[in-house]
Amino acid sequence: MLKCFVFMLFLGTGRSATLDTQDMLQKIDQLTAISDQLTARVAALEVNKRAFFPGPVAFHATLGNTIENVGDHQHIVFDNVITNIGGGYSPVDGHFTAPVRGAYAFFVVLTNTPGHSASIQLLRNGGWLGSVLADDESNVSYTTSTLAVTAQIEAGDQVWVQNELKFSAQEQIDGANWTSFSGHLIQAN
Ligand SMILES: *[C@@H]1O[C@H](CO)[C@@H](O)[C@H](O)[C@H]1NC(C)=O
Ligand SMILES: *[C@@H]1O[C@H](CO)[C@@H](O)[C@H](O)[C@H]1NC(C)=O
């Protein structure tokens, strides 16, 4: 009787030990699958890291030479590049190309020459974002005016400064670094 009981106990223990092992093996399989999934997700995040955590984007460029007889809608090319973090600004065509989607701030500082007015616009892909005017009513002085714009910009959008329609035959944009275009990413989104 006692022998039988011990045998049953052993059988019982043996059986439950077998079940626990199966259970554990099953759990290990599940955890391995979850771990594989997480490893794949982390790898994907690392590949797309720049999209989620882009580096700083900031540019600042000034106009070296005065533009006389500026034409209707002429694109203004700021040739003195002072800052170009992220490489979005091109001193070849004066366009800033956004490397990532996000909220951006742009600033245009405009100076006219004495006796001449100047009026320029900020454009995004050809659409209006802002205007600024520097006028000389006395015909003898320089005037500096500033435009500040914040905008939601998509990756690949182009932002540039161009002359407005000539409203006088004498528009001139002062160079010598008195006219500038700058901008920065506030936050990618
Ligand atoms: C400035 O020049 C314009 C165009 O020649 C003239 O109409 C205007 O009276 C001048 N203003 C002053 C303050 O001299
Ligand atoms: C404009 O700034 C540049 C530096 O970016 C400098 O080399 C140049 O002398 C400046 N021009 C004037 C007229 O100050």
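Atoms within a ligand are numbered from 1 in the order they appear, just like the ligands themselves.
The contact set between ligand 2 and Ala176, taken as ligand atoms under 4.0 Å from a residue heavy atom, comprises 13 (C). Per-residue contacts place Asn177 under 4.0 angstrom from the following atoms of ligand 2 (heavy atoms of the residue considered): 1 (C), 2 (O), 3 (C), 8 (C), 10 (C), 11 (N), 12 (C), 14 (O).
For atom 9 (O) of ligand 2, no protein heavy-atom neighbour is present inside the 4.0 Å cut-off. There is no protein heavy atom less than 4.0 angstrom from atom 4 (C) of ligand 2.
Between Ser117 atom OG and Asp136 atom CG the span is 8.5 Å, to the nearest 0.5 Å.
Counting only N and O atoms by type, the side chains of Thr66 and Gln172 include no donor and acceptor under 3.5 Å apart.
Classified by interplanar angle (parallel below 30°, tilted 30° to 60°, perpendicular above 60°), the ring pair Phe78/Phe181 is tilted.
At least one side-chain heavy atom of Ile153 sits less than 4.5 Å from a side-chain heavy atom of Phe106.
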